Amino acid sequence: MPTQTWSRPRGLDHVVHAVRDLDAAADFYARAGFQVGGRNRHPWGTHNRIIQFLGFFIELLEVGEPEKIVPPAPGQFSFGAFNRDFLRAHEGLSMVLLASTDARADARLFDEAGIGGYEVFDFEREGAGPDGAPVKVAFSLAFAHDRLSPHAGFAVCQHHYPQNFWNPSRQVHENGTTGIGGVVMVADNPTDHHVFLSAFTGVRLLHSNSIGVKSVTPHGDLEIMEVLSFRDQFGVVETVAGEGAELRGLRLEVRDLGQLETRLNAGGIAHHRRVGRVVIAPEAAFGATLIFEQTQAA
């Protein structure tokens, strides 16, 4: 069981939405009114396309070159192999990554808390700046492990050239989405993951109620709820494989739900209203549940 090792609370940085057809998933997000970036290629066989918000992004990911995937080894988390194995079962949200200012320090904290055991993974690639000129982007990932949840990936992400990655012009979306509200997981027993969730996010006091447990981070919530609560809140029937918590929902903030629905209708995107939210079910959203909530200031 993880021990209580504390650090500064970590906010949400991005989620990985693993799909079998990257361009088809990008077309879905574009029809839903999002601005989707171009294709990037990783040397370990995965390809991605990015949907960016203020301080958060969705990483659409496919295994484009499976022959390049590096198998996992002791102390080494294979990003490619994890997502390849995830996609053998289904599409959807495979990993959640929190923001880090020092991935190596966070890796040591994870080790001390009993949720680590992995080497830090460093990589860089070429990106495109606001004017289209090539720029360098580089990241360091420190991985965490919830031993009760083999089907969900957890890590922190340190951006080494954040000025080359974050681009306000790419954070404007036709559907009015302005940012991240939270990431939602489901589990048969959310409280089983209370200690892990606290150690992973660095948030000491979690919110617990009849729905589940929630870590309110400096940038978005990371919460775990029961399947029935997920259905009641979002109108989506989910199941779990009986092995811990699984990533299922993404809560996004929008200026105006009516504007959003107009864009979804124009794009032919099936959706429904539930408890004051607009929801796109996983059948339409490549295995993920997209939950839109109107911001209080709207």
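Heads up: numbering here begins at 1 and tracks the sequence. Treat the numbers as computed from the prediction; the structure is a model and nothing was measured.
- Contact of the E238 side chain with the V236 side chain is registered, since non-hydrogen atoms from C-beta on lie closer than 4.5 Å.
- Contact check for L250 versus T289: no side-chain heavy atoms found under the 4.5 Å cut-off.
- Within the 3.5 Å criterion, the main-chain N or O of G117 finds a donor-acceptor partner in the side chain of D111.
- Remark: side-chain polar atoms of Q158 are paired, donor with acceptor, to backbone N or O of T101 under 3.5 angstrom.
- A donor-acceptor pair under 3.5 Å is absent between the side-chain atoms of H17 and the main chain of M95, judged by distance alone.
- In terms of the ring pair (Phe, Tyr, Trp, His ring centres under 6.0 Å) criterion, residue partners of Y118 (sequence neighbours excluded) are, by chain and number, F77.
- In this structure the side chain of L61 never reaches within 4.5 angstrom of the side chain of L22, judged on heavy atoms.
- Residues satisfying the salt bridge (charged side-chain N to carboxylate O under 4.0 Å, His left out) criterion with D27, sequence neighbours excluded, are R31.
- Shown here are the ring pair (Phe, Tyr, Trp, His ring centres under 6.0 Å) partners of F56, two or more places apart in sequence or in another chain: there are none.
- The distance between the ring centers of F196 and F154 falls below 6.0 angstrom.
- Looking at V186 and I224, their side chains never come closer than 4.5 Å, going by heavy atoms from C-beta outward.
- A 4.5 Å side-chain heavy-atom check between R84 and F79 finds every atom pair outside the cut-off.
- In terms of the side chain to side chain donor-acceptor pair (under 3.5 Å) criterion, residue partners of Q233 (sequence neighbours excluded) are, by chain and number, R277.
- The shortest side-chain heavy-atom distance between V96 and L12 falls under the 4.5 Å cut-off.
- Side chains of H173 and T177: a donor-acceptor N/O pair is absent below 3.5 angstrom, by distance only.
- Under 4.0 Å is where a charged nitrogen must lie from a carboxylate oxygen, and between R8 and D106 no such pair does.
- Applying the side chain to side chain donor-acceptor pair (under 3.5 Å) test to residues at least two apart or on different chains, the pairs with a partner in residues 206-220 are T201-S215.
- The backbone N or O of Q259 lies less than 3.5 Å from a partner atom in the side chain of D256, making a donor-acceptor pair.
- Inter-residue side-chain proximity for F121 and F139 is flagged as unmet; no heavy-atom pair is nearer than 4.5 Å.
- Between E261 and R273 there is a salt bridge, since at least one side-chain N of the basic residue sits less than 4.0 Å from a carboxylate O of the acidic one.
- Partners of D146 by side chain to side chain donor-acceptor pair (under 3.5 Å), not counting sequence neighbours, listed by chain and number: S149, H193.
- Proximity of a side-chain donor or acceptor of Q35 to a complementary backbone N or O of V172 within less than 3.5 Å is detected.
- Note: L252 CG to T178 OG1 = 9.0 Å, rounded to the nearest 0.5 Å.
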